[in-house]
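Here is the structure we will look at.
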Amino acid sequence: MANPASKRLFKEYRGLSSDPPEGITAGPVTEDDMFLWEALIQGPEGTPFEGGIFPAELKFPKDYPLAPPTMRFTCEMWHPNVYQNGTVCISILHPPGDDPNHYEHASERWSPIQSVEKILISVMSMLAEPNDESPANVDAARMWRERRKEYERIVRENVRKGLGL
Amino acid sequence: MAEQTVNIPQTLVFLILFLLAIRWYFSKPTPGTTSSTGTRATTPTINRGVRINPAQVENVAQMFPNASRRDIMWDLQRNGGNVTATVERLVEGRGLDTPPQSFQPPTLRTSNPISRATAPLSKPAHPDLITRYNLSSKISAEPSSSIPESNVPKKAWSADKNERQQMLQRRRDDMILAARRKLEEKEKAR
């Protein structure tokens, strides 16, 4: 627990356990490795994701919190901002200055004052409101735009599948 | 007049041409659309557009028990679901092409009990949460009312590392089981 990254992660873990945000459970897979976390995110209500529980893994760099973690859903996830392999593409996970398209404000991007909790809450609201500007999954984005019914059907099906129904 | 007699090679050539013409005619989806979507109809579109009818596959498989269903599907997939063409191929003993490894039959539901065991070809890349966390025993064992609420501290932190780990796991399991029950009830209510 000597290095600052582990210390910081431990502190965040304590915060998330003592006062967990609604619909979020997160913590290290094992405390022996504070750099690999697992999170469960509940699907936001009033969206096709409602009722679902979506697992994801967070990998933290050794220089956390200077650099952001990466986040990857470990379930079927059909969403414009999630790559086919589950990797989440959202501005808070992008380091500042790493924005070739300049469509993200610096304030939305990663900085050491952000936290795991803020990431998970951002991802939760991303589920509710996809960002159409920079789709990670082009097919899902197109379907979301043009065939919303079909998109919602796939999402609902994944909700059921994820819970073993 | 030796020229007038029809000789065997000529007849054969004529027959082959005739057969090819019929095949060509049948392999067109509909005569009307060929001009506009001609390229789409002739180039093999893999897993796109063409939906294989399982009943057709079954029909062909019953006529030719030796042909594998996978091969039949591959042939139907490529000729646009044209059963006649596939049957013709088999009747003429030309056999069917072996599909490439990457070919995933979109519908592999057969009435064959042996292949049913292996039917879930579209196996999900990720196991569901119940399987992943080994919760199947808890689904039926704990109806929502019997969980003593006091045992499930929602906000919890312990000084002991193992205890912390257990509490995290407990919170995770509860979250999944609660969602599962809720969804089950919702589906029952429908």
Side-chain angles (χ1 to χ4, degrees), chain A residues 1 10-34 37-45 48-57 72-78 82-86 120 139 154 156-165, chain B residues 47-49 51 102 104 106 120-142 144 152-190:
Chain A
M1 207 64 60
F10 188 78
K11 229 177 93 187
E12 291 201 39
Y13 175 33
R14 177 155 57 186
L16 278 167
S17 300
S18 328
D19 186 16
E22 182 69 33
I24 286 173
T25 299
V29 174
T30 139
E31 280 190 35
D32 299 329
D33 177 11
M34 288 303 290
W37 283 35
E38 190 176 41
L40 294 183
I41 298 182
Q42 201 173 300
E45 278 173 29
F49 293 92
E50 179 175 345
I53 302 288
F54 305 96
E57 66 171 28
R72 195 171 69 86
F73 277 107
T74 52
C75 59
E76 302 288 323
M77 181 52 82
W78 185 247
V82 178
Y83 287 98
Q84 298 274 22
N85 70 359
L120 295 175
D139 292 334
I154 292 178
R156 283 202 195 92
E157 190 50 40
N158 285 342
V159 165
R160 297 185 69 251
K161 255 194 266 171
L163 288 169
L165 278 169
Chain B
N47 276 349
R48 223 169 252 244
R51 276 198 72 85
S102 58
Q104 288 282 333
L121 254 192
S122 57
K123 207 166 129 197
H126 305 286
D128 62 70
L129 290 166
I130 307 297
T131 316
R132 185 190 307 198
Y133 296 113
N134 218 357
L135 297 174
S136 45
S137 57
K138 293 187 184 170
I139 292 177
S140 43
E142 286 184 71
S144 44
V152 202
K154 274 234 157 179
K155 296 163 187 182
W157 186 251
S158 162
D160 180 63
K161 183 176 155 184
N162 289 327
E163 215 178 325
R164 282 200 294 267
Q165 195 78 46
Q166 275 173 9
M167 288 194 302
L168 176 64
Q169 195 185 328
R170 182 78 196 254
R171 282 207 296 138
R172 201 169 56 202
D173 292 356
D174 286 347
M175 190 171 168
I176 295 165
L177 288 170
R180 159 88 183 209
R181 282 193 207 102
K182 213 169 149 188
L183 192 63
E184 260 177 335
E185 275 164 28
K186 208 170 115 188
E187 301 215 330
K188 245 183 256 166
R190 257 198 296 178

Below 4.5 Å, heavy-atom pairs only: which of B/Gln169, B/Lys161, B/Arg164 has the largest tally toward chain A?
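Ranked by contacts with chain A, first place is B/Arg164.
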
Shorter than 4.5 Å, heavy atoms on both sides: which option in B/Glu184, B/Arg180, B/Lys186 has the most such pairs with chain A?
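Of the candidates given, the most pairs with chain A belong to B/Arg180.
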
Mind checking what makes side-chain contact (heavy atoms from CB on, under 4.5 Å) contact with B/Thr131, not counting sequence neighbours?
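B/Thr131: side-chain contact (heavy atoms from CB on, under 4.5 Å) contacts with B/Pro127, B/Asp128.
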
Can you name the closest pair of heavy atoms from B/Arg171 and A/Ile24 and give their distance?
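Shortest heavy-atom contact: NH1-O, 4.2 Å.
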
Any idea which heavy atoms bring B/Leu129 and A/Pro55 closest together, and the distance?
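In terms of heavy atoms, the two residues are closest at CD2-CG, 3.6 Å.
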
Contacting region of A/Glu38 [heavy-atom separation from chain B under 4.5 Å]
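Side chain of A/Glu38 only, per the 4.5 Å heavy-atom cut-off to chain B.
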
For A/Trp78 together with A/Phe73, are the ring centres under 6.0 Å from each other?
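Aromatic pair excluded; centres sit 6.0 Å or further apart.
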
Picking from A/Gly164, A/Gly51, A/Gly23, which has the most non-hydrogen pairs under 4.5 angstrom with chain B?
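Winner by heavy-atom pair count: A/Gly164.
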
Does any heavy atom of chain A fall under 4.5 Å from the side chain of B/Arg132, the backbone, both, or neither of them?
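Interface part for B/Arg132: side chain.
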
According to side-chain hydrogen bond (donor to acceptor under 3.5 Å, both in side chains), who are the partners of A/Arg160, at least two apart in sequence or on a separate chain?
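side-chain hydrogen bond (donor to acceptor under 3.5 Å, both in side chains) check on A/Arg160 returns B/Glu187.
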
